[in-house]
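The structure appears below as structure tokens.
Within every chain, numbering begins at 1; the chains are lettered A, B, ... in the order of the sequence lines, protein sequences first and strands thereafter.
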Amino acid sequence: MLDIQFIRDHAELVAEKSAQKGYKVDILKLLEVDAERRDLLGQVDALRARRNENADKMKGVQGKPDQTIIDEGKQIKIELAERETYLNDVESKFGELMQGVPNVAFDDVPVGGEEDSTEIKQWGEQTTGAEDHLDFATKRDWVDFERGAKVAGAKFYYLKGDLALLENAITQYALDVVTKKGFTFMTVPHMANARISTGTGFAPRSDDQEDQYFIENEDLALIGTAEVSLTGYHADEIIDEDKLPLLYAGLSPCYRKEAGTYGKHARGLFRVHQFNKLEMYAYTTPEQSREMHERILAIEEEIWQNLGIPYHVINIASGDLGAPAAKKYDVEYWSSVDGKYRELTSCSNCTDFQARNLNIRVRRKDGKVEVLHTLNGTAVSLARSLIAVLEHYQTDDGKLRIPTVLQPFMGGRTEI
RNA sequence: GGAGAGAUGUCCGAGUGGUUUAAGGAAACGGUCUUGAAAACCGUCGUGCCGGCAACGGUACCCAGGGUUCGAAUCCCUGUCUCUCCGCCA
């Protein structure tokens, strides 16, 4: 969430920026509730001060206090209970309204919807004429969606044989790259509780636009990305400034219901309920985050260039950013089957939005404590990486060539 | 899953109803002393919220949420987590 002080000081800006993201936010209502909350807080504090005064009078005194103190205490207790109940209602209302305010997008984010995202870079050759990845892989018995459906339902699958080995090779390669860039490799919990999920920016259980799988009778959901586990990692912690930036790389399966997305491009491995992903994650000081965002993007580009996959980079428009991000880059690979770019990875600067939700702060050298910044970026999402390789490495004699950088992780084989 | 024990500040740790505004120690930071350092001594040393230009004042927080009481770190209930033992198990 945002800093309430920032909202008070920049009400119009927040209203405008929220609208540009497509969020309906009633800032006036929020400020009204905020004022009410502060007023009640003052009343409650005053009552508590009176109660404490009476308790102070008993210091060093044995036995029961005077009847007047008891009577006054009883009266304070009644008033306090009433005011506190009222305050609780107002606080939860306030919390709901705060929750509904998205992060403020940077000024260099294009305003508008999906079609307004701007291309900032192109790399590689826009080839055409490859065989569809699903047909290509199914013929070679590398993927089995039918049995996936039998066991778990539509959009679940088995990877088999050389393609499963190739997935492993891509993971190993990406791991090699990010660890050399200073990211600490981690495996993470595949489930997270509601506080961590919501704080990261994923809708709570009650929301009907649900993308999460929940565990019955537990306060747990399967993670949609390791970003959730990596954001929660430092929840409620204060990190010394000289330890930042902290760089982590989390490998995990990602579980997504993808409800309501069936109209979108969904063939084969492109949109599935479960896929593996290696996620980069950074905790930085507020002044480091913009540079770190560029750094994470550069690592993503390095991976795709070394894999020889043509791509472009887009600066995502405000309406497509989602609540937590202040700025987001997507890397889209060139599909030589569809003749267009398709989403492959993305990286976001969430500034202090997630960190404030989960109470993650930095202690400055001068002792001051403030909310830090978090960023995330995909190193590789495995299902989609496989599609990109399957489309770009088909040989004339029906084999799949192995990208050079992956060969060491495929036992030196050059094709499969 | 069953039984028992526990959870206090950056860390260790005292505290079973009212001189605790959380003792004491360690670490850290500043200073005195010293050629420099160590030691010693002195001082500073949690977080949030509200008010204030500020100094500062008020308030809350001793795992979390309820309860008892004029008054709760302390008593009661529930939950979470940790440890020990038992069971099960890759």
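Under the Watson-Crick or G-U wobble criterion, with both distances below 3.5 Å, B/rG57 is paired with B/rC50. Figure legend. B/rA90 is base-paired to no nucleotide; pairs are counted as Watson-Crick or G-U wobble with both atom distances under 3.5 Å. Using the Watson-Crick or G-U wobble rule with both distances under 3.5 Å, B/rC70 pairs with B/rG18. Across all strands shown, B/rA28 forms a Watson-Crick or G-U wobble pair, both distances under 3.5 Å, with B/rU44. Base pairing analysis places B/rU84 opposite B/rA3; the two distances defining the Watson-Crick or G-U wobble pair are each below 3.5 Å.
Note: A/Phe156 and A/Tyr213 have tilted aromatic rings, judged against thresholds of 30 and 60 degrees for the angle between ring planes. Between A/His392 and A/Tyr333, the ring planes lie perpendicular to each other; the angle is over 60°, past the 30° to 60° tilted range.
Between B/rA60, B/rC70, B/rG48, one nucleotide has an atom nearer to the side chain of A/Ile70 than all others, and that is B/rC70. Taking every side-chain heavy atom of A/Arg48 into account, B/rA60 is the closest of B/rC50, B/rA60, B/rU47. Taking every side-chain heavy atom of A/Arg51 into account, B/rG71 is the closest of B/rU47, B/rG71, B/rC49. Each of B/rC49, B/rU47, B/rU59 was ranked by its minimum atom distance to the side chain of A/Asn52; first place goes to B/rU59. In the set B/rC70, B/rU59, B/rU47, the nucleotide with an atom closest to the side chain of A/Lys74 is B/rC70. Nearest to the side-chain atoms of A/Asp45 among the listed nucleotides B/rC70, B/rG58, B/rU47 stands B/rG58. Side-chain proximity of A/Lys77 to the nucleotides B/rG46, B/rG71, B/rC50 is greatest for B/rG71. In this structure, of B/rU59, B/rC50, B/rC70, it is B/rC50 that holds the atom nearest to the side chain of A/Arg38.
Counting to the nearest Å, the P atom of B/rU69 and the CD atom of A/Glu72 are 18 Å from each other. A straight line from CG of A/Asn54 to P of B/rA72 spans 12 Å, rounded to a whole angstrom. When rounded to the nearest whole Å, the span between NZ of A/Lys368 and C1' of B/rG48 equals 17 Å.
Taking atom C1' in both B/rA3 and B/rA72, one finds a spacing of 30 Å when rounded to whole Å. Spacing of P atoms, B/rC88 relative to B/rG1, comes out at 15 Å, to the nearest Å. For the P atom pair drawn from B/rC11 and B/rU47, the interatomic distance equals 13 Å after rounding to whole Å. Taking atom C1' in both B/rC12 and B/rG17, the straight-line distance is 27 Å, to the nearest Å. Nucleotides B/rA23 and B/rU82 are separated by 30 Å at their P atoms, to the nearest Å. Using C1' as the reference atom, B/rA22 and B/rG13 are 12 Å apart when rounded to the nearest Å.
Between A/Val143 and A/Leu159, some side-chain heavy-atom pair lies under the 4.5 Å cut-off.
The distance between the ring centers of A/Tyr329 and A/His293 falls below 6.0 angstrom.
The pair A/Lys93-A/Glu36 does not meet the salt-bridge criterion, since no charged nitrogen lies less than 4.0 angstrom from a carboxylate oxygen.
In this structure, A/Arg147 is not positioned above the aromatic face of A/Tyr158 in the sense of NZ or CZ being under 6.0 Å from the six-membered ring centre and within 45° of the axis.
Nucleic acid contact class of A/Arg195 (heavy atoms, under 4.0 Å, all strands): none.
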